[in-house]
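Single-structure report; data block below.
We're numbering straight along the sequence, starting at 1.
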Amino acid sequence: MHFSFRSFLIIIFIFSCSSEVDKGIEANLLISPDYNFSIEFFECNLNAGYTLLNLESFLSDLTRNEKSKNNDVYDLEVFFPKSNYVNEFILNLKTYRNDNTYNNFINELSAKGFDEIARCKFDKNNYQGKLLIDYKTKQQKYNNEILRCNYNDGFNFGTFRVAIDRFINQIQSLNIPYDAIYIQSDGSTRSFIWINNFYSNEPADVILSDWLDNAEAKDIKEEFLENAKCINADMHDVFVLLNN
């Protein structure tokens, strides 16, 4: 069963139709999430003559080296798109300090010979992330879904935040093996990224039975589609390399 955000993660938006609407929108533009970390996605392709085995060996050595240094500065994961599990992957770097971790990480990869194995887009996007739902029982391998979304005219995180809180309360009451991350670039309030993390072998069955059949979930779906659009949804197998 194919499962996507459009059939699951639909968040309600509550909007007041009063004479203060315009002022409310202006005020909401000033509200931003209480971010937990910075996050970057490095889209990569294996170079000719190299395979996933070469990548696995390199990342294993990198992980052992970082653990030996008692690294607590960043988390590192590798995403393999389910649509192309041959030569494409994404390195996901999550940092918890406002320092030079980004540049240090890239320099370390190059110094260890990563450039021979793969080519990546190392453009810095200045993403900030917030963990919305935290499923405590983590795994070293899981599935995720990355959604790139745009707010409709008149909507932004300030107007969205109450809806997110409502969604969080509903999902947490179901104790589903799932967590969610909200990501936004420093340079844009019109777009955002939502990541669904699934810690179950059959997340679609769990969500469909426990959540989508709920009458309130159907209302939330309609509300979301009126106020935000997600232009694509990509599924990945995720392997955790460093997790602090």
Side-chain angles (χ1 to χ4, degrees), residues 4-5 9 11 28-45 59 62 66 71-81 88-110 114 118-135 138 142-152 155-161 163-164 167-168 178-198 224 228-244:
S4 76
F5 169 81
L9 182 79
I11 308 174
N28 283 322
L29 287 172
L30 302 176
I31 300 174
S32 63
D34 181 17
Y35 295 117
N36 307 120
F37 47 80
S38 299
I39 188 168
E40 296 290 343
F41 303 95
F42 305 128
E43 298 179 0
C44 305
N45 292 85
L59 294 177
L62 177 69
E66 291 302 294
N71 168 59
D72 61 355
V73 177
Y74 65 84
D75 292 346
L76 182 64
E77 297 176 329
V78 58
F79 301 168
F80 291 104
E88 295 181 7
F89 63 96
I90 298 173
L91 290 178
N92 176 221
L93 178 70
K94 189 185 301 178
T95 62
Y96 299 93
R97 298 179 185 176
N98 186 19
D99 55 16
N100 203 33
T101 300
Y102 171 85
N103 289 329
N104 290 340
F105 174 74
I106 295 176
N107 291 336
E108 183 172 7
L109 286 181
S110 183
F114 182 76
R119 58 192 183 279
C120 303
K121 297 178 182 177
F122 285 116
D123 301 331
K124 190 172 185 181
N125 294 300
N126 294 313
Y127 287 128
Q128 301 293 318
K130 179 175 178 61
L131 182 61
L132 300 175
I133 299 175
D134 185 10
Y135 185 68
K138 302 294 186 183
Y142 62 93
N143 300 312
N144 81 3
E145 182 181 34
I146 299 178
L147 299 115
R148 300 182 186 276
C149 310
N150 295 320
Y151 286 116
N152 292 331
F155 298 91
N156 54 70
F157 180 80
T159 58
F160 212 29
R161 67 193 191 285
I164 290 176
F167 172 77
I168 291 171
Y178 158 87
D179 59 33
I181 300 174
Y182 178 92
I183 299 169
Q184 199 163 34
S185 171
D186 288 346
S188 174
T189 59
R190 296 291 304 141
S191 61
F192 64 94
I193 297 173
W194 190 289
I195 299 183
N196 297 312
N197 293 329
F198 302 108
F224 181 83
K229 293 182 176 64
C230 293
I231 57 179
N232 59 29
D234 299 319
M235 297 293 297
H236 304 85
D237 289 323
V238 181
F239 294 87
V240 178
L241 303 178
L242 291 170
N243 187 19
N244 298 289

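- With no hydrogens or angles considered, a side-chain donor-acceptor pair links Tyr142 and Glu77 at under 3.5 Å.
- The CG atom of Asp179 lies 11.0 Å from the CD1 atom of Ile168; values are rounded to the nearest 0.5 Å.
- Under a 3.5 Å cut-off, the side chain of Tyr102 and the backbone N or O of Lys124 do form a donor-acceptor pair.
- Using a 4.5 Å heavy-atom threshold, the side chains of Ile133 and Tyr135 count as separate.
- Side-chain contact check for Leu76 versus Leu62: some heavy-atom pair is nearer than 4.5 Å.
- The minimum heavy-atom distance between Asn150 and Ser191, with the atom names listed, is OD1-CB, 3.3 Å.
- Between atom OH of residue Tyr178 and atom CG of residue Asn144 there is a gap of 11.0 Å, rounded to the nearest 0.5 Å.
- Taking the six-membered ring for Trp and thresholds of 30 and 60 degrees, Tyr151 and Phe192 have ring planes inclined between 30 and 60 degrees apart.
- Minimum heavy-atom separation, Asn36 to Lys130: OD1-CA, 3.3 Å.
- One distance of note links CD1 of Ile146 with CZ of Phe41; it measures 5.0 Å at 0.5 Å rounding.
- Considering CG of Asn152 and NZ of Lys229, their distance stands at 4.0 Å, rounded to 0.5 Å.
- Atom OH of residue Tyr74 and atom NZ of residue Lys94 lie 14.0 Å apart, to the nearest 0.5 angstrom.
- Between Leu132 and Phe167, the closest side-chain pair of non-hydrogen atoms is not below 4.5 Å.
- Classified by interplanar angle (parallel below 30°, tilted 30° to 60°, perpendicular above 60°), the ring pair Tyr96/Phe37 is perpendicular.
- Counting only distance, with no hydrogens or angles, the side chain of Asn126 and the backbone of Asp186 share no donor-acceptor pair below 3.5 Å.
- With a 4.5 Å cut-off on side-chain heavy atoms, Phe89 and Phe80 count as touching.
- Pro33 has its side chain within reach of Tyr182: a pair of non-hydrogen atoms, C-beta onward, lies under 4.5 Å apart.
- Across Leu131 and Ala180, no two heavy atoms sit closer than the pair CD1-O, 3.6 Å.
- Without hydrogens or angle criteria, Glu40 side chain to Asn125 main chain gives a donor-acceptor distance under 3.5 Å.
- A heavy-atom distance below 4.5 Å is not found between the side chains of Thr189 and Phe157.
- Summarising the geometry, atom OH belonging to Tyr127 is positioned 14.0 Å from atom CG belonging to Leu93; distances are rounded to the nearest 0.5 Å.
- Under the 30°/60° scheme for interplanar angles, the aromatic rings of Phe105 and Phe42 are found to lie parallel.
- Closest approach of Ile39 to Gly129, counting heavy atoms only: CG2-N, 4.4 Å.
- Two residues are said to be in side-chain contact when any heavy atoms from C-beta on lie closer than 4.5 Å; Asn92 and Val78 fail this criterion.
- Panel note: side chain Thr159, backbone Asn156; a donor-acceptor pair is recorded below 3.5 Å.
- Contact of the Asn197 side chain with the Val238 side chain is not registered, since no non-hydrogen atoms from C-beta on lie closer than 4.5 Å.
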